[in-house]
Amino acid sequence: MAQRRHPAGPGQRPGSARRERPGEDVVANIAVVPAWLKPPADVNELLPQLWARTVGRDEAGALHVGGVGVADLAATYGTPLYVVDELDFRARAVAFRDAFADAFADLCGGADVYYASKAFLATGVARWIAEDGLHLDTTTGGELELGLRGGVLPGRIALHGNNKSRREIATALEVGVGRIVVDSLQEIDLVADLARERGIVAPVMLRVTVGVEAHTHQYIATAHDDQKFGLSLGSGQAEAAVAKVLARPELRLLGLHSHIGSQIFDMGGFEVSARRLLELHRKVERDHGVELPEIDLGGGYGVAYTSEDEPLAPTEIAGRLADIVARECLVQGIAVPRVSVEPGRAIAAPSTFTLYEVGTTKDVELDGGTRRRYVSVDGGMSDNIRTALYDADYSATIASRASAATGVLSRVVGKHCESGDVVVRDEFLPADAGAGDLLAVPGTGAYCRSMASNYNQVPRPAVVAVRDGSSKLLVRRETPEDLLALDAG
């Protein structure tokens with residue numbers, strides 16, 4: 001059986017000593033092809049698992065989404081452009097909400113789904129989250145402000161983060177967020193002191209580092225001990241934190257929290273994490289006589305960026321987690337606490353594609369008589385840093401027309417002064433792709449606009465939501481004037 005590519009990039013697979021793809025093949029002396037990428041019979045085909053549900057092609061082969069053609073979107077808003085299928089986004093959010101409510105209904109009366117705002121947040125998105133009955137996980141004061149502005153009730157908001165400022169914590173306390181996830185021993189006293197000054201009791205959870213090595217990129221694996229997040233279970237720090245919180249009357253300990261990483265397909269890590277977290281939950285009850293009401297199992301569920309990825313459905317994720325929690329609580333002899341989870345990428349990423357315009361193309365001769373085609377677009381690492389940062393894989397298609405040409409293995413690159421400015425490392429694009437074509441990259445709704453930069457003084461793209469034949473701005477495009485307005489010179 002062939003070994004599955006590592007979900008965050010081939011260089012992160014255990015035992016991989018280099019960043020080239022294992023199993024690469026030379027196809028027709030054109031270029032080196034990853035083993036998982038097969039030449040398409042039709043370069044115009046859209047794989048359903050990669051695209052939002054209302055995306056399709058019209059009679060001329062041009063993409064449309066939500067009843068609006070990409071040519072119209074490009075003409076109205078310019079490119080690069082993040083295009084959000086609103087119905088798809090909201091349907092995925094509701095699917096997670098309902099799947100977890102149903103799976104945990106008989107165990108603990110349901111479960112709470114927190115949308116992880118770090119994936120992507122705008123006021124309009126926060127409004128969708130509020131209207132569709134989800135909670136909101138925030139990691140900074142800015143995300144908190146956007147959530148409140150979008151109408152999310154404070155009691156349905158969590159404030160996360162490993163180094164929250166006094167101002168961020170004070171704001172969270174003053175507006176009455178539902179939970180503050182404490183990340184260090186020092187923060188316990190900080191939250192307690194700020195709560196005492198305001199005459200309130202702060203609801204807190206403790207983020208526990210459970211020692212699970214999630215099968216993902218080292219930068220997005222967050223539950224092993226050697227990293228910045230959480231209170232170590234193995235060292236006894238988590239237990240010390242429990243005692244410290246319970247000793248402060250200004251704090252109310254809601255429960256324990258764990259997040260093992262992101263872009264995860266294997267449920268095994270969640271099983272180990274839940275077991276260790278519930279063992280600590282039982283120990284708190286035994287040693288302190290306190291039955292904690294909640295437990296948060298984090299999120300990080302994987303999504304499809306390429307034809308190789310096979311994400312689990314929300315019902316399957318929820319069902320398997322419910323089985324894990326029920327079994328572990330039975331073993332521990334404890335009541336099932338209220339459960340919460342935090343899917344962010346799994347809601348946002350598949351709902352969005354980035355629309356670019358192609359500029360130059362060139363064929364580059366490589367060693368061994370092979371060659372690679374470079375297709376340059378008008379964006380790049382300033383609007384999608386994940387390929388450079390995580391060695392992430394993406395797919396792409398020509399969006400403005402159909403093509404009868406054969407597919408040529410291509411690399412989609414950006415306009416920035418950086419050789420690592422790669423958007424899509426490997427994709428078969430039609431041989432006649434060229435200047436003026438629109439090109440779409442699916443799966444860019446998470447960690448693309450939220451991590452975008454002004455590298456080379458490039459304004460960040462707009463974000464537009466499309467639904468029922470109309471479009472609306474979620475975030476407007478930056479302008480050179482916006483950049484100059486910050487320049488004190």
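Throughout, residue positions are numbered sequentially from 1 according to the sequence presented. Just the heavy atoms: all of them, side chains too, but no hydrogens, waters or symmetry mates, feed the values below.
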A.B. asks: Are any of the side-chain nitrogens in Arg179 or Asp296 under 4.0 Å away from the carboxylate oxygens of its partner?
C.D. replies: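 Answer for the salt bridge query: yes.
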
A.B. asks: What residues form a side-chain contact (heavy atoms from CB on, under 4.5 Å) with Leu146, not counting sequence neighbours?
C.D. replies: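 Result, side-chain contact (heavy atoms from CB on, under 4.5 Å) vs Leu146: Leu121, Thr123.
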
A.B. asks: Would you check if the side chain of His259 reaches a backbone N or O of Gly261 as a donor-acceptor pair within less than 3.5 Å?
C.D. replies: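 Yes, His259 side chain to Gly261 backbone: donor-acceptor pair under 3.5 Å.
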
A.B. asks: Count the heavy atoms of every other residue, nucleotide or ligand shown that sit under 6.0 Å from CZ of Arg252, and state whether that count exceeds 12.
C.D. replies: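 No, the 6.0 Å shell around CZ holds no more than 12 heavy atoms from other groups.
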
A.B. asks: Is there a donor-acceptor pair under 3.5 Å between the side chain of Asp482 and the backbone N or O of Thr479?
C.D. replies: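 Between the backbone of Thr479 and the side chain of Asp482 there is a qualifying donor-acceptor contact (under 3.5 Å).
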
A.B. asks: If you look at every heavy atom in Ser410 and Val408, which pair is closest and at what distance?
C.D. replies: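 Closest approach of Ser410 to Val408: OG-O, 2.8 Å.
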
A.B. asks: Kindly give the heavy-atom pair with the smallest separation between Leu429 and Val412, and that separation in Å.
C.D. replies: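 Nearest pair, atom of Leu429 first, then Val412: CD1-CG2, 3.9 Å.
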
A.B. asks: Would you verify whether the NZ or CZ of Arg476 falls within 45 degrees of the ring axis of Tyr77 while also being under 6.0 Å from that six-membered ring's centre?
C.D. replies: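 That pair does not qualify as a cation-pi contact.
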
A.B. asks: Taking everything shown except Arg198 itself, do over 12 heavy atoms lie less than 6.0 Å from its CZ?
C.D. replies: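 Result for CZ/Arg198: enclosed.
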
A.B. asks: Apply side chain to side chain donor-acceptor pair (under 3.5 Å) to Tyr301 and list each qualifying residue two or more places apart in sequence or on a separate chain.
C.D. replies: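 Testing Tyr301 for side chain to side chain donor-acceptor pair (under 3.5 Å), a comparison that skips the adjacent residues, returns none.
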
A.B. asks: Counting N and O atoms only, with roles assigned by atom type, does the side chain of Asn456 sit under 3.5 Å from a partner on the main chain of Val458, one being a donor and the other an acceptor?
C.D. replies: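 Absent.
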
A.B. asks: Below 6.0 angstrom between ring centroids: does that apply to Phe120 and Tyr115?
C.D. replies: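 No.
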
A.B. asks: Can a donor-acceptor pair be found, under 3.5 Å and without considering hydrogens, that links the side chain of Asp383 to the backbone of Gly380?
C.D. replies: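 Yes: the side chain of Asp383 pairs with the backbone of Gly380.
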
A.B. asks: Kindly give the heavy-atom pair with the smallest separation between Val424 and Ala396, and that separation in Å.
C.D. replies: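 Here Val424 and Ala396 meet closest at CG2-CB, 4.1 Å.
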
A.B. asks: Do you know which two heavy atoms are closest between Tyr305 and Leu50, and how far apart they sit?
C.D. replies: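 For Tyr305 versus Leu50, the nearest heavy atoms are C-CD2, 3.7 Å.
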
A.B. asks: Kindly write out the residues that satisfy side chain to side chain donor-acceptor pair (under 3.5 Å) with Asn454, not counting sequence neighbours, or none if the list is empty.
C.D. replies: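 Only Glu478 meet the side chain to side chain donor-acceptor pair (under 3.5 Å) criterion with Asn454.
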
A.B. asks: Any side-chain heavy atom of Ile260 within less than 4.5 Å of one from Val210?
C.D. replies: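 Heavy-atom side-chain distance check passes, below 4.5 Å.
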
A.B. asks: Under the 3.5 angstrom rule, does the side chain of Asn44 hit a backbone N or O of Ala402 as a donor-acceptor pair?
C.D. replies: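 Answer holds: no.
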
A.B. asks: Short question: side chain of Arg156, backbone of Gly133 - any donor-acceptor pair under 3.5 Å?
C.D. replies: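 Yes, the answer is positive, given that a donor and an acceptor are paired below the 3.5 Å cut-off.
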
A.B. asks: What pairs of residues pass the ring pair (Phe, Tyr, Trp, His ring centres under 6.0 Å) test when at least one of them lies in residues 150-180, not counting sequence neighbours?
C.D. replies: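 Only His160-His257 qualify under ring pair (Phe, Tyr, Trp, His ring centres under 6.0 Å).
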
A.B. asks: Using modelled atom types only, decide if a donor and an acceptor are shared between the side chain of Thr387 and the backbone of Val423 within a distance under 3.5 Å.
C.D. replies: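 Here the side-chain-to-backbone pair exists.
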
A.B. asks: According to the ring pair (Phe, Tyr, Trp, His ring centres under 6.0 Å) rule, which pairs have a member within residues 40-60, sequence neighbours left out?
C.D. replies: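 Residue pairs passing ring pair (Phe, Tyr, Trp, His ring centres under 6.0 Å), neighbours aside: Trp51-Phe353.
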
A.B. asks: Thr171: what forms a side chain to side chain donor-acceptor pair (under 3.5 Å) with it, not counting sequence neighbours?
C.D. replies: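 Scan of Thr171 (side chain to side chain donor-acceptor pair (under 3.5 Å), adjacent residues dropped) gives Arg167.
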
A.B. asks: Are side-chain heavy atoms of Phe265 and Asp309 found at a separation under 4.5 Å?
C.D. replies: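 Yes, at least one pair of side-chain atoms sits under 4.5 Å.
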
A.B. asks: Any side-chain heavy atom of Val43 within less than 4.5 Å of one from Glu45?
C.D. replies: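 Result no, sub-4.5 Å side-chain heavy-atom pair not found.
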
A.B. asks: Of Val208, Asp183, Leu206, Thr209, which meets side-chain contact (heavy atoms from CB on, under 4.5 Å) against Leu231?
C.D. replies: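 Running side-chain contact (heavy atoms from CB on, under 4.5 Å) over Val208, Asp183, Leu206, Thr209 with Leu231 returns exactly one hit, Leu206.
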
A.B. asks: Any pair with a residue in residues 85-94 that passes side chain to side chain donor-acceptor pair (under 3.5 Å), sequence neighbours left out, goes on the list, sorted by first then second residue, please.
C.D. replies: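 For residues 85-94, and leaving out neighbouring residues, the side chain to side chain donor-acceptor pair (under 3.5 Å) pairs sorted by first residue read Arg53-Asp88, Thr54-Asp85, Glu86-Arg90, Glu86-Trp128, Glu86-Arg467, Asp88-Arg92, Asp88-Ser351, Arg90-Glu131, Arg90-Asp132.
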
A.B. asks: Can you name the nearest heavy-atom pair linking Val68 to Gly469, along with the distance?
C.D. replies: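 That closest heavy-atom pairing would be CG2-C, 3.4 Å.
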
A.B. asks: Is there side-chain contact between Leu153 and Leu148, with heavy atoms separated by less than 4.5 Å?
C.D. replies: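 No. Closest side-chain heavy atoms not under 4.5 Å.
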
A.B. asks: List the steps and the verdict of side-chain contact (heavy atoms from CB on, under 4.5 Å) for Val65 and Leu73.
C.D. replies: CA-CA 10 Å; Val65 54; Leu73 292 171; 4.0 Å; yes

A.B. asks: If we ignore hydrogens and angles and just use 3.5 Å, is the side chain of Glu308 paired with the main-chain N or O of Leu37 as donor and acceptor?
C.D. replies: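 No; zero donor-acceptor contacts below 3.5 Å.
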
A.B. asks: Sequence neighbours excluded, which residues qualify as side-chain contact (heavy atoms from CB on, under 4.5 Å) partners of Ala130?
C.D. replies: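 Result, side-chain contact (heavy atoms from CB on, under 4.5 Å) vs Ala130: Val152.
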
A.B. asks: Regarding Asp393 and Thr306, is there a side-chain donor-to-acceptor distance under 3.5 Å anywhere?
C.D. replies: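 Checked: Asp393/Thr306 side chains show no N/O donor-acceptor pair below 3.5 Å.
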
A.B. asks: Indicate the atoms forming the closest heavy-atom contact of Val475 with Ala122, along with that distance.
C.D. replies: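 Smallest interatomic distance, heavy atoms only, reads CG2-CB, 3.9 Å.
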
A.B. asks: Report yes or no: is the cationic atom of Arg425 (NZ for Lys, CZ for Arg) under 6.0 Å from the centre of the six-membered ring of Tyr394, at an angle within 45° of the ring normal?
C.D. replies: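 No - Arg425 does not lie over the ring of Tyr394 by the 6.0 Å and 45° rule.
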
A.B. asks: Cut-off 3.5 Å, side chains only: do His135 and Ser340 have a donor facing an acceptor?
C.D. replies: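 Absent: no donor and acceptor within the cut-off.
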
A.B. asks: With a 4.5 Å limit on heavy-atom distance, are the side chains of Glu294 and Met205 in contact?
C.D. replies: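 Yes - at least one pair of side-chain heavy atoms lies under 4.5 Å apart.
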
A.B. asks: According to the side chain to side chain donor-acceptor pair (under 3.5 Å) rule, which pairs have a member within residues 430-441, sequence neighbours left out?
C.D. replies: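 Of all non-adjacent pairs touching residues 430-441, those that pass side chain to side chain donor-acceptor pair (under 3.5 Å) are Arg401-Asp432, Arg401-Asp437, Ser403-Asp432.
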
A.B. asks: Under the criterion side-chain hydrogen bond (donor to acceptor under 3.5 Å, both in side chains), I'd like the reasoning laid out for Arg345 against Ser262: C-alpha separation, chi angles, the key distance, then a yes or no.
C.D. replies: CA-CA 8 Å; Arg345 179 199 307 263; Ser262 191; 2.5 Å; yes

A.B. asks: Would Arg411 and Ser376 count as a side-chain hydrogen bond (donor to acceptor under 3.5 Å, both in side chains) here? Give the steps.
C.D. replies: CA-CA 8 Å; Arg411 178 162 293 176; Ser376 297; over 6 Å; no

A.B. asks: Please list all pairs meeting side chain to side chain donor-acceptor pair (under 3.5 Å) that have one or both residues in residues 60-75, counting only residues at least two apart or in different chains.
C.D. replies: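 Non-adjacent pairs meeting side chain to side chain donor-acceptor pair (under 3.5 Å): zero.
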
A.B. asks: Mark yes or no for whether Glu168, through its side chain, and Gly141, through its backbone, hold a donor-acceptor pair below 3.5 Å.
C.D. replies: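 At least one qualifying donor-acceptor pair exists.
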
A.B. asks: Let me see the working for Glu143 and Ser117 under side-chain hydrogen bond (donor to acceptor under 3.5 Å, both in side chains), right down to the final yes or no.
C.D. replies: CA-CA 7 Å; Glu143 291 178 351; Ser117 60; 3.0 Å; yes

A.B. asks: Please walk me through it: do Arg320 and Glu316 pass salt bridge (charged side-chain N to carboxylate O under 4.0 Å, His left out)?
C.D. replies: CA-CA 6 Å; Arg320 292 174 69 174; Glu316 185 172 1; 3.5 Å; yes

A.B. asks: Going by side chain to side chain donor-acceptor pair (under 3.5 Å), name the residues that satisfy it together with Glu187, two or more places apart in sequence or in a different chain.
C.D. replies: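 Side chain to side chain donor-acceptor pair (under 3.5 Å) check on Glu187 returns Lys164.
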
A.B. asks: Taking it one step at a time, do Val83 and Val466 satisfy side-chain contact (heavy atoms from CB on, under 4.5 Å)?
C.D. replies: CA-CA 7 Å; Val83 182; Val466 186; 3.8 Å; yes

A.B. asks: Show your reasoning for whether side-chain contact (heavy atoms from CB on, under 4.5 Å) applies to Arg338 and Asp112.
C.D. replies: CA-CA 8 Å; Arg338 182 79 176 183; Asp112 299 319; 2.9 Å; yes

A.B. asks: Could you pull out all donor-acceptor pairs under 3.5 Å where a side-chain atom in residues 443-453 meets a protein atom, sequence neighbours excluded?
C.D. replies:
from, atom 1, to, atom 2, distance (Å)
Thr444, OG1, Thr354, N, 3.1
Thr444, OG1, Thr354, OG1, 2.7
Arg449, NE, Pro461, O, 3.3
Ser450, OG, Lys118, O, 3.1
Ser450, OG, Ala119, O, 3.0
Ser453, OG, Tyr455, N, 3.3

